[in-house]
Amino acid sequence: MTQTPTKLRPLEPLLAPLVMANDDDDDDGGTSVVVETRPKTKRPPLYKVLLLNDDYTPMEFVVAVLERFFGMNHAQAFEIMLTVHKKGVAVVGVFSHEIAETKVAQVMDFARQHQHPLQCTMEKE
Ligand code: TYC
């Protein structure tokens with residue numbers, strides 16, 4: 001991870017405009033005001049991709065889906081498949097909106113092609 005893991009920002013770029021706005025070199029008769037200075041750098045929202053249980057999709061098909069589309073090894077895929085089977089649903093990955101949409105579409109297409117009722121959805125984290 002290269003990103004700083006907190007919301008703290010360096011103070012200098014925040015304070016510099018304040019200092020500029022309040023200096024007395026501006027010939028405005030002392031009416032300078034504090035201006036909005038904080039750069040808006042919000043991270044894009046992330047989306048959970050969820051796999052839902054059903055009574056008909058074969059376990060080995062779900063394992064194959066998790067290997068193929070979510071880069072899991074066989075043991076990881078089997079474990080997550082069993083979690084979905086027992087609990088009804090599990091998060092199988094967290095992605096940007098575009099990647100999450102693509103994963104959901106890939107899983108739904110693959111399931112339909114094989115005539116399994118497997119359902120995959122996404123929700124904002
Ligand atoms: N419940 C299915 C079965 O018993 C297996 C299954 C697991 C189906 C996970 C969907 O997302 C799923 N064959």
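Indexing begins at 1, ligand by ligand and atom by atom, following the structure's order.
Remark: minimum distance from atom 6 (C) of ligand 1 to any protein heavy atom is reached at Asn53 OD1, 3.4 Å. Of the protein's heavy atoms, His85 CE1, 3.1 Å lies nearest to atom 4 (O) of ligand 1. Nearest protein heavy-atom neighbour of atom 9 (C) of ligand 1: Val84 CG1, 3.6 Å.
To the nearest 0.5 Å, atoms OG1 (Thr57) and NE2 (His85) are separated by 12.0 Å. Here CZ of Phe95 is found 11.0 Å from CD of Glu125. Values are rounded to the nearest 0.5 Å. Note: Met81 CE to Glu79 CD = 10.5 Å, rounded to the nearest 0.5 Å.
For Glu123 and Lys48, the salt-bridge test passes: some basic side-chain N is under 4.0 Å from an acidic carboxylate O.
Considering Thr57, Ile80, Leu51 only, the shortest heavy-atom separation from atom 3 (C) of ligand 1 involves Thr57.
For ligand 1, one of its N or O atoms has an N or O atom of Leu52 under 3.5 Å away. Of the N or O atoms in Asp55, none lie within a sub-3.5 Å distance of an N or O in ligand 1. Between Asp54 and ligand 1, at least one N/O pair is under 3.5 Å apart.
Summarising the local packing, CD of Gln115 is surrounded by 12 or fewer heavy atoms from other residues, nucleotides or ligands at distances under 6.0 Å.
Residue Leu118 has at least one heavy-atom neighbour below 4.0 Å for each of these atoms of ligand 1: 10 (C), 11 (O), 12 (C).
By the 4.5 Å heavy-atom criterion applied to side chains, Tyr56 and His116 are not counted as neighbours.
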